[in-house]
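For reference, the structure is listed below as C-alpha cells.
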Number of protein chains: 2
Amino acid sequence: MKKKAVINDTPVCQVRMQAISDTMSILSGKWKFHILGTLIEGDKLGFMDLLREIDGIGTKMLSKELQDLEMNHLVSRKVMDTKPITVEYAITEYGATLAPLINELAKWGIAYRESVHGGE
Amino acid sequence: MKKKAVINDTPVCQVRMQAISDTMSILSGKWKFHILGTLIEGDKLGFMDLLREIDGIGTKMLSKELQDLEMNHLVSRKVMDTKPITVEYAITEYGATLAPLINELAKWGIAYRESVHGGE
DNA sequence: GGAAGTACTTTCCAAAAGGAAACTACCTTA
DNA sequence: TAAGGTAGTTTCCTTTTGGAAAGTACTTCC
C-alpha cells in the first residue's frame, strides 16, 4: 500500500489554510502593516503625518493603501472642516483586533535580529 | 507652534517597524506561510507530498520557496537514500517559533470570515 | 499675487513575482 | 524498452507591484 500524506485534506486544515490566505490578501503589499502599526500607536493622524511617520512611503502608495484599509473597515477616514482641510485617519475597533498579530510579527522580528547577532 | 506627530521617532517604534519589515521580508511571497503551516502540521514531507498538500502551487515556486526557507533555517532538507531518491522536508526547531504567528494569522482570518457572514 | 501647506490623483515606467509547460536525470516495475 | 514515480531546473511569458514626478484643487499667510 502506498503511503500518502493527506493532512491537508482534513476540513480543519483546509479552513486554516484558507484563513491564512484571507488574512494575507487583506494585509498584502509592502506598507499595510506599517500603516496599521503606526495608527495603532498614535491615534488620529493626518495624511501628511503618516507620510512623515512611515519612512520611505510615497503619496501614491499611502493613498492607495489607506483606501484598501478603509474598504476593509480597518481604518477610518474623517474629513475635518479646518482652515486648510485636514483628514483624520484612525484605526477602527475592528482594525485594533490586528494588534496581537502585529505584536507577534514584531516580536518574531526582534528575536530574529537577536538570533542573527546572537554571539555578540 | 506647529503640532507634529512624531511617535515614530522614538527608538522603540523604529525598532518595532524594522522588526516588522524583517519578518515580512523573510516570509514574503504567496506561499511561505502555506508551506510552513503545512510542515508544522505534518512533519517530514516529501517534495511531491507538499506539491499535493498545497493547493495551487507549482514545482518552480515550491522549489524556490523551500530554498529560501532552508537558507533562513526555518526548514530542513534531508536527502534519503531510498530506491527512488526521496527528500524529507521538515520544520526546524527555529521554524517552529513561527507557530504563534501563524496561529494568529489563521485565527484572525477565521474571525474575519465570521464577521463577513456575521448575520447568517 | 506668490509661496506654502493641506490632500490627493494621474501618468509613466521599471522591477519583481509568479505561472505553464517543457526538460533533465535517475530508478523501478511491467 | 516503455511507463511512471522520485525531485527538481529552465525558459518564456504575463501580471502585479511599486516608485518618481508632475499635476489638481483649495486656503491661508505674508
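These values consider heavy atoms only, across backbone and side chains, with no hydrogens, waters or symmetry-generated copies. By convention in this document, chain letters (A, B, ...) are assigned in the order of the sequence lines, proteins followed by strands, and residues within each chain are numbered from 1.
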Going through the checks in order, is the side chain to side chain contact (heavy atoms under 4.5 Å, CB included) test met by Trp108(B) and Thr23(A)? CA-CA 7 Å; Trp108(B) 197 87; Thr23(A) 306; 3.8 Å; yes
Side chain to side chain contact (heavy atoms under 4.5 Å, CB included) between Leu39(B) and Leu50(B): does it pass, once the steps are laid out? CA-CA 8 Å; Leu39(B) 286 173; Leu50(B) 286 166; 4.1 Å; yes
Evaluate side chain to side chain contact (heavy atoms under 4.5 Å, CB included) for Thr86(B) paired with Asp81(B), printing each intermediate quantity in order. CA-CA 7 Å; Thr86(B) 53; Asp81(B) 70 340; over 6 Å; no
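The phosphate of dT9(D) has OP1 or OP2 within less than 4.0 Å of a side-chain N or O from Gln67(B). Phosphate proximity of dT6(D) to Tyr89(B): absent, as no side-chain N or O sits under 4.0 Å from OP1 or OP2. Taking 4.0 angstrom as the limit, Ser63(B) places none of its side-chain polar atoms (N or O) nearer than this to OP1 or OP2 of dG8(D).
Distance Lys32(A) NZ to dG18(D) C1': 12 Å, rounded to the nearest Å. Computed from coordinates, the Lys64(B) NZ to dA16(C) C1' distance equals 10 Å when rounded to whole Å. Between the CG atom of Asp68(A) and the P atom of dT16(D) there is a distance of 14 Å, rounded to whole Å. Spacing between atom CG of Asp81(A) and atom P of dT6(C) amounts to 17 Å, rounded to whole angstrom units. The nearest whole Å value for the distance from the CG atom in Leu51(B) to the P atom in dA7(D) is 10 Å. Going from atom CH2 of Trp31(B) over to atom P of dA16(C) covers 22 Å, rounded to whole Å. Distance Arg77(B) CZ to dT6(D) P: 15 Å, rounded to the nearest Å. Rounding to whole angstrom units, CG of residue Leu62(B) and P of dA21(C) are separated by 18 Å.
Looking at the side chain of Lys30(B), the nearest of the listed nucleotides dA7(C), dA7(D), dG18(C) is dG18(C). Listed nucleotides dT28(C), dT6(C), dA7(C) differ in distance to Lys83(B); the shortest reach to its side chain belongs to dT28(C).
Within 4.0 Å (heavy atoms only), Thr86(A) reaches sugar-phosphate atoms of the nucleic acid but no base atom.
Salt bridge Lys32(B)/Glu65(B): present, at least one basic N to carboxylate O contact under 4.0 Å.
Nearer to the 5' terminus of DNA chain C, by closest-nucleotide assignment, is the contact made by Pro84(A) (compared with the other of Pro84(A) and Glu65(B)). Between Ile57(A) and Ile85(A), the residue whose closest nucleotide on DNA chain D is further toward the 5' end is Ile57(A).
Looking at Thr82(A), its side chain has no donor and acceptor atom pair within 3.5 Å of the base of dT6(C). Residue side chain Lys60(B) reaches the base of dG19(C) through a donor-acceptor N/O pair under 3.5 Å, judged by distance alone.
With Thr92(B) contributing its side chain and His73(B) its backbone, the two residues share a donor-acceptor pair below 3.5 Å.
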